[in-house]
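None of the values given here were measured: they were computed from a predicted structure. Remember, it's 1-based here, ligands and their atoms both numbered in the order they're listed.
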Amino acid sequence: MKFATKAIHLGQEPDKSTGAVTVPIFQTSTYVQDGVGKTRGYEYSRTGNPTRAALESVIAGLEGGSYGFAFSSGMSATDSVVRLLSNGDHVVVSDDVYGGTYRLFTKVMERFGLEFSFVDTSDIGVLERAFRPNTKMLWIESPSNPLLKLTDIRSASRTARSKGVLTVVDNTFMSPYFQRPLEQGCDVVVHSTTKYLSGHSDVVGGAVVANDPGISERLKFIQNSAGAIPGPFDCWLVLRGIKTLALRMERHNSNAQAVAEFLEGHPKVERVIYPGLSSHPQHELAKRQMTGYGGMVTFSPKGGVRSSRGILKTTKLFLLAESLGGVESLVSSPAAMTHASIPAKSRMKTGIRDDLIRLSVGIEDIEDLISDLSQALDRS
Ligand code: PLP
C-alpha cells in the first residue's frame with residue numbers, strides 16, 4: 001500500500017461485530033474475561049484499548065516502523081522516551097528544540113540526575129564533540145523549531161550508532177508524509193500528534209515509533225507503568241485526522257512555499273527562513289532528506305520588535321496563537337510565546353531573536369493568505 005492508502009486503511013478494518021466502517025470509540029476502562037486470565041486480547045484500557053491500537057498501528061506503519069505507542073501529549077511522549085535512560089546518563093540535544101522540550105529536560109529531568117548538552121546538531125563535527133563517555137541519547141528536531149535548521153539525520157544517526165548512542169528524532173514538523181527518520185537510520189521517532197497528524201487543532205496527543213523489539217518492549221512497559229495514555233475519543237480524533245494527512249500536507253507545503261516566496265520578495269521583510277527556498281543554507285540537504293518542506297515559515301520584518309508586534313496584531317486570517325499544523329493559519333512570536341521558557345540569553349545565543357515571527361501556514365486559499373500578510377506588512 002502507498003502512503004495515502006495506508007493512512008486510511010492500516011489498522012482500520014471494518015469492525016468485526018457490526019461492520020462499522022470507521023473504528024469505533026471503545027469508551028471502556030475494562031474488558032470482561034472469559035475465565036480468570038482468559039482475555040479476548042484486552043484486559044484494562046491503560047494497558048491497551050482497540051481505538052488506541054488502531055491509532056498506534058497506523059502511525060507505526062506511516063513512519064515505516066514496527067511498533068507504535070500513543071500518548072496523551074507530545075510532551076508525555078517525550079517524557080516516556082527519556083525514561084529509557086538512567087540516572088547519570090547524558091543526552092545531546094539540538095539547541096533550538098521546542099521550548100517545552102527544553103523545559104522538561106532542564107527543569108524536570110536534570111533533577112533526576114540526567115545531563116543534557118544543547119548544541120548545534122546541524123554541524124556533525126559539533127555534535128560529535130558533544131558526546132561524552134556517558135552519552136546515551138541524541139535528541140534531534142529537524143527541521144528545528146522555530147529556526148527551521150536541519151540536521152542530517154542519516155549521518156547523525158550513523159555517528160551516534162558508532163558510539164552506542166540511541167538517536168531520537170522529533171518528526172512533528174514534517175510528519176511521516178514528508179520525512180521518515182527511521183528509514184534514515186534513527187532509532188526512535190517522536191510526535192506531537194496535536195499538530196499535523198490530527199491536523200484540526202481539536203486534540204492534544206503524542207506518539208512514539210520504534211523498530212527495535214527490545215526498545216519497543218521497554219517503551220510499552222513505560223507506557224503501561226507511567227500511564228500517560230490518550231483516551232479513546234482523542235485517539236479517534238487523531239485517527240480521523242490522519243486519513244487526510246497526505247492531502248493536507250500537500251496543501252500546507254504549496255501554500256507555505258508561496259508565502260515564503262512572497263515574503264522573500266517583500267521590501268519590509270529582512271529575512272525569511274523556509275527549507276523550500278534556495279536561500280535556505282541547507283536547501284540541498286532538505287531536498288535529499290525530505291520529500292516536501294512543510295507548512296512552517298519563520299521570518300523577521302525590517303524595523304525590529306516594534307514592527308514585528310505590529311504585524312502580530314494586524315493579521316486577520318493568521319490567528320495569533322501557539323501551536324501549529326492545523327488547517328487554519330496561525331502566527332506567533334516564538335520568543336514571547338512557544339520559547340518563552342528558554343532564558344533570554346540562551347535564546348539570543350541560538351538566534352531566537354525577539355522580532356522573529358513564526359507562521360503555521362494553513363490550507364486556506366493562498367490568495368487570501370497572501371493578501372492578509374500583505375495588509376499586515378503595509379500597516380507595520
Ligand atoms: N515537539 C514539537 C516540535 C512541538 O512543536 C511541540 C509542541 O508545540 C511538542 C513537541 C509538544 O507537544 P504537545 O504540545 O502535544 O505536548
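- Near G205, meaning under 4.0 Å from any of its heavy atoms, are these atoms of ligand 1: 15 (O).
- Near N145, with a cut-off below 4.0 Å to any heavy atom, the atoms of ligand 1 are 5 (O).
- Side-chain contact of H191 with E63: a donor-acceptor pair under 3.5 Å is present, judged by distance alone.
- Rounding to the nearest 0.5 Å gives a distance of 6.0 Å between CD1 of I59 and OG1 of T193.
- From the protein, the heavy atom lying nearest to atom 15 (O) of ligand 1 is T194 OG1, 2.6 Å.
- Inclusion of V204 in the set of residues having an N or O under 3.5 Å from an N or O of ligand 1 is not warranted.
- Of all atoms in ligand 1, numbered sequentially from 1 with element shown, those under 4.0 Å from a heavy atom of D170 are 1 (N), 2 (C), 3 (C), 10 (C).
- Looking from atom 13 (P) of ligand 1 to the surrounding protein, the closest heavy atom is G74 N, 3.4 Å.
- Ion pairing between a basic and an acidic side chain is recognised when a charged N comes within 4.0 Å of a carboxylate O; K136 and E115 show no such pairing.
- Of the N or O atoms in L324, none lie within a sub-3.5 Å distance of an N or O in ligand 1.
- Listed by number with element, the atoms of ligand 1 under 4.0 Å from a non-hydrogen atom of K195 are 6 (C), 7 (C), 8 (O), 12 (O), 14 (O).
- In E141, the part holding a heavy atom less than 4.0 Å from any atom of ligand 1 is the side chain.
- Side-chain polar atoms of Q375 and T314 form no donor-acceptor pair below 3.5 angstrom.
- Side-chain contact check for E261 and Y274: no donor-acceptor pair (N or O, by modelled atom type) lies under 3.5 Å.
- Looking only at protein heavy atoms, the nearest one to atom 4 (C) of ligand 1 is Y98 CG, 3.6 Å.
- The shortest heavy-atom distance from A77 to ligand 1 is not under 4.0 Å.
- Remark: ligand 1 and T101 share no N or O pair separated by less than 3.5 Å (distance only, no angle test).
- Side-chain contact, N171 with R180: no donor N or O sits under 3.5 Å from an acceptor N or O.
- Side-chain contact between Q282 and S122 is present, with at least one heavy-atom pair separated by less than 4.5 Å.
- A side-chain donor from one of E56 and Q223 sits under 3.5 Å from a side-chain acceptor of the other.
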